[in-house]
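What follows is a short report on a single structure.
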Amino acid sequence: MSLNENQPSSNFIRQIVNNDLKQHKNNGRVITRFPPEPNGFLHIGHAKSICLNFGIAEEYNGSCNLRFDDTNPEKESIEFMEAIERDVSWLGFEWAKLASASDYFEQLYDYAIELINKGLAYVDSSSPEQIRHYRGTLTEPGRASPDRNRPIAENLDLFRRMRKGEFADGQYVLRAKIDMASPNINMRDPTLYRIRRVHHHRTGDAWCLYPMYDYTHCVSDALEGITHSLCTLEFEDHRPLYDWVLDNIDIDCHPQQIEFARLQLEYSIVSKRKLNQLVTEKHVTDWDDPRMPTLAGLRRAGYTSAAIRDFCERIGITKKDSWIEMAVLENCIREDLNHNAPRAMAVLRPLRVVIENYPNERVEYLELGNHPQRPELGSRKVEFAKVVLIEQDDFAQLPPPKFKRLIEGGEVRLRGAYVIRCDKVIQAEDGSIIELRCSYDPDTLGKNPEGRKVKGVIHWVSEQHSVPAVLRLYDRLFSHPNPDTLDNFLDALNPHSLEVLSDCRVESSLATAKPGSRFQFERTGYFCLDEEDTQPDKPVFNRTVTLRDSWEK
RNA sequence: UGGGCCGUCGCCAAGCGGUAAGGCACGGGGUUUUGAUCUCCGCAUACCCAGGUUCGAAUCCUGGCGGCCCAGCCA
């Protein structure tokens with residue numbers, strides 16, 4: 001079984017592309033682009049867009065560009081660019097071309113001159129407040145700025161001087177001359193350029209004039225020969241502007257903008273601003289904290305790129321606002337890891353078990369399969385000795401109904417080893433359990449005891465041979481399903497999103513595991529060996545996701 | 001209240017005039033040395049509502065209702 005082998009389901013964008021192809025539009029080419037702004041790390045919502053853009057291109061033998069939308073230098077950086085490239089690659093996609101909107105600044109400027117020459121753009125000296133005031137409201141039309149009818153020659157002169165740096169930041173802007181009475185506010189003479197003396201991470205100080213998104217995006221698309229410009233729903237109202245710009249400059253390409261609904265994941269947020277806040281205010285360790293819905297965070301938690309791609313395929317593409325349940329994402333990673341992750345044993349909260357009838361110095365090297373359904377994944381040796389450690393939860397003095405683990409006087413199977421019976425509970429004065437005295441049935445290795453049934457199976461490690469480890473149990477970052485809808489999303493932060501267990505013991509085979517590798521610790525969950533914090537003698541495992549639990553206490 | 005968009009099972013989602021796919025979740029059987037996995041079964045006479053067209057409507061028309069987005073020199 002492998003992920004993503006099923007036919008992709010139909011969606012409205014595939015239908016549009018199919019129709020275009022049928023009509024030989026764009027000479028049968030399909031060229032898309034993924035255009036992130038390098039002002040933060042990519043998150044699961046971006047994954048949806050990446051899978052869509054690169055996926056459509058792949059599917060139709062086309063290509064997809066990675067283009068940084070770097071028109072607002074205030075918030076952007078090289079570090080974010082590098083992280084974005086890393087994440088897109090990790091997801092498994094290859095861009096045909098790596099570009100930045102800033103590559104096109106010179107051409108963008110020339111097209112702006114063209115618009116001015118055509119009387120379709122003008123330099124406005126209004127302040128932001130005045131512009132807002134003149135723009136009107138949702139129900140009232142706007143009014144013309146006093147500068148709206150500035151002569152072309154003057155506009156040209158002013159715009160050139162804006163570029164030269166003759167004016168202060170904010171003193172002038174270049175605006176498109178469209179329709180101040182348009183019911184679509186985006187068409188009420190939108191700003192095309194603003195003056196900002198900010199160092200740009202790619203163009204340095206070459207420019208003090210920066211183009212706005214609406215103007216930049218459509219032109220960049222056209223310059224790259226994009227056929228289908230896929231973006232999220234909030235840009236629907238901007239499409240008339242996208243088309244207006246391309247219709248009014250001398251360019252021979254006019255991509256089709258198509259909008260789809262952005263991802264909304266329950267118990268999560270997909271706002272770069274808020275993710276940034278979580279990082280800067282230290283609510284998480286960094287952008288790659290395993291609780292973060294960033295691709296870097298998911299990766300560090302142990303998510304595979306295949307699982308994320310599978311998730312993006314499952315949720316579909318529509319124009320409907322929708323909230324995806326976390327269970328869908330979790331199901332994707334469980335399915336992948338259940339099939340691919342080797343099994344191992346780890347005891348999170350150890351309880352000492354002395355097997356009194358087991359020879360003192362004896363050690364058995366039990367051969368355990370790495371996967372119950374896939375023998376081809378091989379096996380490893382696990383040491384069994386007189387003192388083993390089991391999970392505190394797996395023993396109960398006052399067992400709840402249907403408890404099928406160890407109780408005093410009862411029997412349980414040590415996974416892959418023997419059946420043991422608990423003969424005696426050693427307690428401290430305060431009643432806490434110090435250790436269990438047990439006996440084993442030598443005739444139960446690899447076979448069931450005769451005449452009785454032992455229902456429970458628990459995991460264990462040899463006290464002497466196991467290695468100490470730190471296990472980090474991650475839980476959802478938010479305890480409210482829609483943090484974004486709250487007045488303050490921080491109120492939804494789950495105070496128990498991380499539990500660090502420092503006294504865990506894992507089987508010895510894990511001592512040589514490669515950082516980044518993933519395991520299923522039997523009966524407890526899927527874990528990934530952390531690449532950052534693991535020390536040679538102290539492995540640190542991050543819990544990716546728990547096992548499904550139909551018992552629950 | 002101007003404009004744009006959306007409304008099919010608890011959550012997603014196919015469907016495109018011929019009589020409601022699939023996934024997740026949920027409930028119940030079976031297998032199991034992981035209360036995991038696997039497996040079998042169940043889960044919308046019904047598609048926001050109301051009219052209409054049609055032999056036939058989730059699909060077409062009309063009118064409602066509900067939700068989301070837009071008034072950055074952000075993207």
Side-chain angles (χ1 to χ4, degrees), chain A residues 6 9-11 15 35-37 39 69-72 74-76 124 126-128 131-133 135-142 169-175 182-188 190-196 210 212-214 216-217 231-240 259 261 266 272-273 313-332 334-335 338-339 343 345 368 371-373 402-405 412-419 444-448 454-459 520-526 546-552:
Chain A
N6 39 346
S9 73
S10 169
N11 67 47
Q15 288 178 11
E37 183 186 9
N39 65 346
D69 233 322
D70 55 352
T71 55
N72 186 7
E74 255 136 312
K75 305 178 186 165
E76 300 157 3
D124 195 341
S126 305
S127 67
I131 287 181
R132 193 184 319 129
H133 186 66
R135 186 153 34 221
T137 67
L138 295 178
T139 51
E140 304 155 24
D169 286 13
Q171 190 174 151
Y172 288 109
V173 290
L174 182 72
R175 290 229 258 166
S182 173
N184 180 347
I185 289 183
N186 294 299
M187 299 298 270
R188 319 241 263 230
T191 301
L192 265 24
Y193 272 93
R194 74 283 215 190
I195 301 173
R196 280 271 177 296
Y210 291 99
M212 299 288 288
Y213 166 85
D214 282 313
T216 309
H217 201 82
C231 63
T232 43
L233 251 28
E234 66 269 27
F235 292 104
E236 230 157 2
D237 290 346
H238 296 236
R239 186 169 7 120
E259 311 84 10
E266 288 191 345
K272 266 200 265 184
R273 203 205 94 232
E313 185 55 46
R314 288 190 200 203
I315 59 178
I317 301 290
T318 67
K319 301 190 70 151
K320 189 167 68 178
D321 287 302
S322 57
W323 286 88
I324 307 294
E325 292 178 340
M326 190 58 101
V328 180
L329 214 211
E330 291 180 343
N331 177 73
C332 289
R334 284 199 185 107
E335 197 170 282
N338 171 55
H339 186 251
R343 313 283 123 125
M345 291 196 286
L368 299 193
H371 192 112
Q373 282 84 36
K402 294 197 177 164
F403 187 76
K404 55 187 221 189
R405 284 112 93 153
V412 78
R413 157 81 62 186
L414 292 180
R415 165 118 251 232
Y418 301 93
V419 168
T444 54
L445 185 62
K447 58 179 170 180
N448 286 122
V454 176
K455 261 226 151 166
V457 179
I458 63 174
H459 58 278
Q520 183 201 96
F521 289 163
E522 295 205 41
R523 306 209 309 131
T524 73
Y526 295 100
T546 60
L547 253 36
R548 203 179 263 113
D549 185 359
S550 57
W551 192 58
E552 306 240 332

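The model shown is predicted, which means the values in this text are computed figures rather than measured ones. Labels below follow one simple rule: chain letters A, B, ... track the order of the sequence lines, proteins then strands, and each chain is numbered from 1.
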Checklist entry - Does a nitrogen or oxygen in the side chain of R314(A) sit under 4.0 Å from OP1 or OP2 of A14(B)? => result no

Item to check | A58(B) and C49(B), which share atom name C1', separated by this distance in whole Å | outcome: 14 Å

Next on the checklist: Are A75(B) and Y213(A) stacked, with the base six-membered ring and the side-chain ring centres under 5.5 Å apart and planes under 30°?
Outcome noted: no

Next on the checklist: When both hydrogen-bonding distances must be under 3.5 Å and the geometry is Watson-Crick or G-U wobble, what is C5(B) paired with, if anything?
Outcome noted: G67(B)

Checklist entry - Hey, is the main chain of D169(A) close enough, under 3.5 Å, to the side chain of R194(A) for a donor-acceptor pair? => result no

Item to check | Watson-Crick or G-U counterpart of G42(B), or none if no pair lies under 3.5 Å | outcome: C26(B)

Next on the checklist: Distance check, P atoms only: A36(B) and G28(B), in whole angstrom units.
Outcome noted: 13 Å

Next on the checklist: What's M212(A) touching, base or sugar-phosphate or nothing? Going by heavy atoms closer than 4.0 Å.
Outcome noted: sugar-phosphate

Next on the checklist: Please classify the nucleic acid contact of T444(A) as base, sugar-phosphate, or nothing, using heavy-atom distances under 4.0 Å.
Outcome noted: base

Next on the checklist: Applying a 4.0 Å non-hydrogen cut-off, can you work out what R135(A) is touching in the nucleic acid: base, sugar-phosphate, or nothing?
Outcome noted: sugar-phosphate

Next on the checklist: Say we look at G7(B) and G51(B): how far apart would their P atoms be, to the nearest angstrom?
Outcome noted: 22 Å

Checklist entry - Taking the inter-plane angle between the rings of H339(A) and H371(A) on a 0 to 90° scale, is it parallel (under 30°), tilted (30 to 60°) or perpendicular (over 60°)? => result perpendicular

Checklist entry - Contact class for E325(A) vs. all strands (heavy atom < 4.0 Å): base, sugar-phosphate, or nothing? => result base

Next on the checklist: Using only atom types and a distance under 3.5 Å, with no angle test, would you say the side chain of E76(A) pairs donor to acceptor with the backbone of N72(A)?
Outcome noted: yes

Item to check | Pairwise distance OH(Y526(A)) to CG(N338(A)) - rounded to 0.5 angstrom | outcome: 4.0 Å

Checklist entry - C6(B) and C48(B): how far apart are their P atoms, nearest whole angstrom? => result 14 Å

Item to check | Residues E37(A), K272(A): salt bridge by 4.0 Å N-O rule | outcome: no

Item to check | 5' precedence on RNA chain B between I185(A) and K319(A) (nearest-nucleotide basis) | outcome: K319(A)

Next on the checklist: Over all strands shown, is G142(A) touching base, sugar-phosphate only, or nothing at heavy-atom distances under 4.0 angstrom?
Outcome noted: nothing

Item to check | Phosphate OP1/OP2 of C73(B): any S127(A) side-chain N/O under 4.0 Å | outcome: no

Checklist entry - Which comes earlier along RNA chain B counting from the 5' end, the contact point of G316(A) or that of N72(A), where each point is its nearest nucleotide? => result G316(A)

Item to check | Pairwise C1' distance for G29(B) and G64(B), with rounding to whole Å | outcome: 47 Å

Checklist entry - Between G15(B) and C73(B), how far is it from one P atom to the other, in whole Å? => result 40 Å

Checklist entry - When the P atoms of U62(B) and C5(B) are considered, how many whole Å apart are they? => result 15 Å

Next on the checklist: Would you measure the distance from the C1' atom in G2(B) across to the matching atom in C9(B) and give it in whole Å?
Outcome noted: 36 Å

